[in-house]
Colleague: 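What follows is a single structure, and I will ask about it in a moment.
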Amino acid sequence: MFFQIISFLLDVVAGLLGGACLLRLYMQVQRIPFGNPVGRFIFALTDWIVLPLRKVLPSYRKWDTASIIAAYLIELAQFGLLWLLAGRSGGLLVPVLAVFGLVRLVISGLIGLVIVYAILSWVQADSPIADVIDRLCAPVLRPFRRMIPLIGGFDLSPLALLVVLQIAAIIVAHLQDAVIR
């Protein structure tokens with residue numbers, strides 16, 4: 001029970017901080033200004049780890065390597081602590097598990113964004129956050145919108161993307177289990 005509680009708490013903290021680092025990266029790639037409430041929140045959560053890393057890790061084209069390495073280091077710390085608490089010897093799998101954790105974080109972050117996008121599209125929210133969510137979801141929804149026409153005025157592309165993301169999550173979980181065994 002103690003291990004499950006600690007695992008849950010670490011997952012929440014690592015998910016929030018690592019997800020914020022990945023969102024910072026994605027917002028920079030999409031050239032979304034950080035002057036909005038979402039951007040300020042992301043900066044407040046990630047500056048402590050991204051800014052020091054930026055001094056030693058240069059950006060690659062429009063990719064902020066410091067943000068992705070920060071997210072990886074957070075996942076690495078989470079899995080390292082869990083590995084130690086479980087009392088396992090030899091931590092050679094921990095870096096690999098951190099990569100799987102990072103991929104799962106990307107998938108769950110996209111799932112969250114798409115769900116929020118769908119809800120905001122139903123209520124016709126007029127806020128800066130709705131605009132940011134729309135700009136973040138548009139690139140990943142675009143291929144689905146090309147393939148799936150509007151049906152009765154409804155855009156089913158978010159639903160299709162959610163199905164694909166869930167399938168990706170299942171595949172990643174099975175790959176991770178295969179690596180652990």
Side-chain angles (χ1 to χ4, degrees), residues 5-86 91-117 119-120 125 127-142 161-162 164-165 168-169 171-173 175-176 179:
I5 292 170
I6 295 298
S7 176
F8 170 72
L9 292 174
L10 283 173
D11 200 37
V12 168
V13 171
L16 179 66
L17 294 175
C21 290
L22 291 174
L23 187 56
R24 180 180 183 137
L25 168 73
Y26 189 51
M27 287 177 72
Q28 288 173 345
V29 168
Q30 294 301 322
R31 299 181 193 271
I32 296 173
F34 284 90
N36 57 61
V38 175
R40 289 192 302 271
F41 177 71
I42 296 303
F43 273 179
L45 280 180
T46 61
D47 274 351
W48 65 274
I49 190 167
V50 172
L51 294 182
L53 285 172
R54 216 178 253 159
K55 293 178 183 175
V56 294
L57 295 170
S59 293
Y60 178 73
R61 296 187 184 165
K62 61 181 179 177
W63 293 92
D64 179 24
T65 55
S67 292
I68 195 151
I69 296 298
Y72 175 75
L73 290 174
I74 291 167
E75 287 294 312
L76 188 63
Q78 175 192 5
F79 282 102
L81 285 171
L82 289 174
W83 196 266
L84 289 173
L85 288 173
L92 295 176
L93 277 180
V94 172
V96 176
L97 291 174
V99 170
F100 280 111
L102 194 61
V103 172
R104 281 194 335 263
L105 196 56
V106 168
I107 292 169
S108 62
L110 282 173
I111 288 171
L113 275 173
V114 172
I115 289 171
V116 170
Y117 169 81
I119 292 169
L120 289 176
S127 73
I129 293 173
D131 181 52
V132 170
I133 300 291
D134 183 51
R135 289 180 63 184
L136 289 171
C137 289
V140 291
L141 287 172
R142 195 171 297 125
L161 177 58
L162 287 172
V164 169
L165 289 170
I171 292 169
V172 168
L175 289 174
Q176 181 177 343
V179 167

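Remember, it's a predicted structure, so these values are computed and weren't measured experimentally.
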Colleague: Nearest 0.5 Å, please: how far is CG in Leu120 from CG in Asp131?
Modeller: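 Rounded to the nearest 0.5 Å, the CG-CG separation comes out at 11.0 Å.
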
Colleague: Using side-chain heavy atoms (C-beta onward) and a distance below 4.5 Å, is Cys137 in contact with Asp134?
Modeller: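 When only atoms from C-beta onward are counted, Asp134 and Cys137 do not touch, as no gap falls below 4.5 Å.
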
Colleague: How long is the span from the CD atom in Gln30 to the CG atom in Leu25, to the nearest 0.5 Å?
Modeller: 10.0 Å

Colleague: Applying side-chain hydrogen bond (donor to acceptor under 3.5 Å, both in side chains), name anything that partners Tyr72, two or more places apart in sequence or on another chain.
Modeller: none

Colleague: side-chain hydrogen bond (donor to acceptor under 3.5 Å, both in side chains): which pairs involve residues 31-40, sequence neighbours left out?
Modeller: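 Residue pairs with at least one partner in residues 31-40: there are none.
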
Colleague: With a 4.5 Å limit on heavy-atom distance, are the side chains of Met27 and Val38 in contact?
Modeller: yes

Colleague: Tell me the closest heavy-atom pair linking Ile74 and Cys21, and the distance in Å.
Modeller: CD1-SG, 4.0 Å

Colleague: Among all residues two or more places apart in sequence or in another chain, which pass the salt bridge (Lys or Arg N to Asp or Glu O under 4.0 Å) test with Arg104?
Modeller: none

Colleague: Should Leu175 and Val103 count as side-chain neighbours, where that means a heavy-atom distance under 4.5 Å?
Modeller: no

Colleague: Are the side chains of Tyr26 and Val106 in touch, meaning some heavy atoms are under 4.5 Å apart?
Modeller: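 They are not in contact (no side-chain heavy atoms under 4.5 Å apart), so the answer is no.
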
Colleague: Of all the heavy-atom pairs spanning Ser67 and Gln28, show the shortest one and how long it is.
Modeller: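 Looking at all heavy atoms of both residues, the closest pair is OG-OE1, 4.4 Å.
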
Colleague: Applying side-chain contact (heavy atoms from CB on, under 4.5 Å) between Leu23 and each of Thr46, Leu45, Ile32, Ile42, report the one that passes.
Modeller: Ile42

Colleague: Which heavy atom in Pro95 sits nearest to a heavy atom in Leu76, and how many Å separate them?
Modeller: CA-CD1, 3.7 Å

Colleague: Is there any ring-ring contact (aromatic ring centres under 6.0 Å, His included) pair reaching into residues 37-69, and which pairs are they, with sequence neighbours excluded?
Modeller: Phe34-Phe43

Colleague: Mind listing the closest non-hydrogen atom pair of Leu141 and Tyr117 along with its distance?
Modeller: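 Of all heavy-atom pairs spanning Leu141 and Tyr117, the closest is CD1-CE2, 3.5 Å.
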
Colleague: What's the shortest heavy-atom distance between Gly18 and Ala71, and which atoms?
Modeller: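 Answer, listing the atom of Gly18 first, then Ala71: O-CB, 3.7 Å.
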
Colleague: Run the numbers on Trp83 and Leu93 for side chain to side chain contact (heavy atoms under 4.5 Å, CB included), then give the verdict.
Modeller: CA-CA 9 Å; Trp83 196 266; Leu93 277 180; 4.1 Å; yes

Colleague: Kindly write out the residues that satisfy side-chain hydrogen bond (donor to acceptor under 3.5 Å, both in side chains) with Asp11, not counting sequence neighbours, or none if the list is empty.
Modeller: Gln78

Colleague: With rounding to the nearest 0.5 Å, note down the distance linking CD1 in Ile171 to CD1 in Ile107.
Modeller: 8.5 Å

Colleague: So do Pro52 and Lys55 actually touch side chain to side chain, heavy atoms under 4.5 Å?
Modeller: no

Colleague: If I take atom CG from residue Leu82 and atom CG from residue Leu97, how far apart are they, to the nearest 0.5 angstrom?
Modeller: 9.5 Å

Colleague: Who pairs with Asp47 by salt bridge (Lys or Arg N to Asp or Glu O under 4.0 Å), at least two apart in sequence or on another chain?
Modeller: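 Listed in chain order: Arg24.
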
Colleague: So do Arg135 and Pro33 actually touch side chain to side chain, heavy atoms under 4.5 Å?
Modeller: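 Side-chain contact under 4.5 Å: yes.
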
Colleague: To the nearest 0.5 Å, what is the distance between CD1 (Ile49) and CZ (Arg54)?
Modeller: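 With rounding to 0.5 Å, CD1 (Ile49) is 12.5 Å from CZ (Arg54).
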
